[in-house]
Amino acid sequence: MTNNTRWQKRIKVMNIVYSDVVSNHTLNKELLLKQAFETDNFDYEQMKVLQYYFDNQKTLEQKIIKRLKPTWPYQRINTLTKAIILSSLSEYYSLNTSLGIIIDQALKTCCHRGLVRDKKFINAMIDRIIKDEK
């Protein structure tokens, strides 16, 4: 991802993840990847993040579920919040982007999309998942 539009490219990836989460993972993944590459001109890194997400979506969701309190089921998490966390984790694992950058960009997206109340949750969830695995 080029530096001048890196955040914008992350948003495009997150939007596709969001669409997949909203559809309850019923979208045609191959068609989405083809469209992202051919029509939306996603670059190699964006495609790598999306491919990682689609290949590991269930595992990524389990990482989130494992860290939730028993009184807070996964279904209660805002769909956009889920998409931010899932796309951030996908980038971290597929591109080895530093944890600080991943969290910074996730929080920027959170604020930009009006989810200020979810900032602490997103920060804690991404941080916990990644640090627990080190």
* For residues 55-78, which residue pairs qualify under salt bridge (Lys or Arg N to Asp or Glu O under 4.0 Å), counting only residues two or more places apart or in two chains? ->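 Every salt bridge (Lys or Arg N to Asp or Glu O under 4.0 Å) pair that includes a residue of residues 55-78, provided the two are not neighbours, is K63-E133, R67-D132.
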Shortest non-hydrogen contact from [X] to [Y]?
X	Y	value
A83	M14	O-CG, 3.8 Å
Y52	S94	CB-CB, 3.7 Å
Y53	H25	OH-CE1, 3.4 Å

I'd like to check the side chain to side chain contact (heavy atoms under 4.5 Å, CB included) partners of [X]; sequence neighbours left out, ordered by chain and number.
X	answer
Q62	I65
D104	none
N28	E30, L31
R117	N78

Next on the checklist: Using a 3.5 Å distance criterion without hydrogens, assess whether the side chain of Q51 forms a donor-acceptor pair with backbone atoms of K48.
Outcome noted: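 Not confirmed, Q51 side chain does not pair with K48 backbone.
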Self-check item: Derivation and outcome, side chain to side chain contact (heavy atoms under 4.5 Å, CB included), residues I130 and Y92
Solution: CA-CA 9 Å; I130 293 171; Y92 176 81; 3.3 Å; yes
To the nearest 0.5 Å, what is the distance between [atom1] on [X] and [atom2] on [Y]?
X	Y	atom1	atom2	value
I64	L86	CD1	CG	4.0 Å
L50	S87	CG	OG	9.0 Å
L115	L107	CG	CG	11.0 Å
K120	C110	NZ	SG	12.0 Å

If two hydrophobic side chains count as joined below 4.5 Å and joins carry through other members, does [X] share a cluster with [Y]?
X	Y	value
I11	I101	no
V22	L60	yes
I16	Y44	no
I85	V116	no

- Quick one: list whatever passes side-chain hydrogen bond (donor to acceptor under 3.5 Å, both in side chains) with T97, sequence neighbours left out.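 By the side-chain hydrogen bond (donor to acceptor under 3.5 Å, both in side chains) rule, T97 matches E91.
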Name all residues meeting the side-chain hydrogen bond (donor to acceptor under 3.5 Å, both in side chains) criterion together with D118; count only those two or more places apart in sequence or in a different chain, and write none if there are none.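 T81.
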Are the side chains of [X] and [Y] in touch, meaning some heavy atoms are under 4.5 Å apart?
X	Y	result
S19	L27	yes
M125	L68	yes
R10	V49	no
L99	I126	yes
K119	C111	yes

Identify every side-chain donor-acceptor pair in residues 32-40 under 3.5 Å, counting partners at least two apart or on other chains, and give the distances.
none

Worksheet entry | Residue pairs, two or more places apart or on separate chains, that pass ring-ring contact (aromatic ring centres under 6.0 Å, His included) and touch residues 100-134 |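 For residues 100-134: W7-H112.
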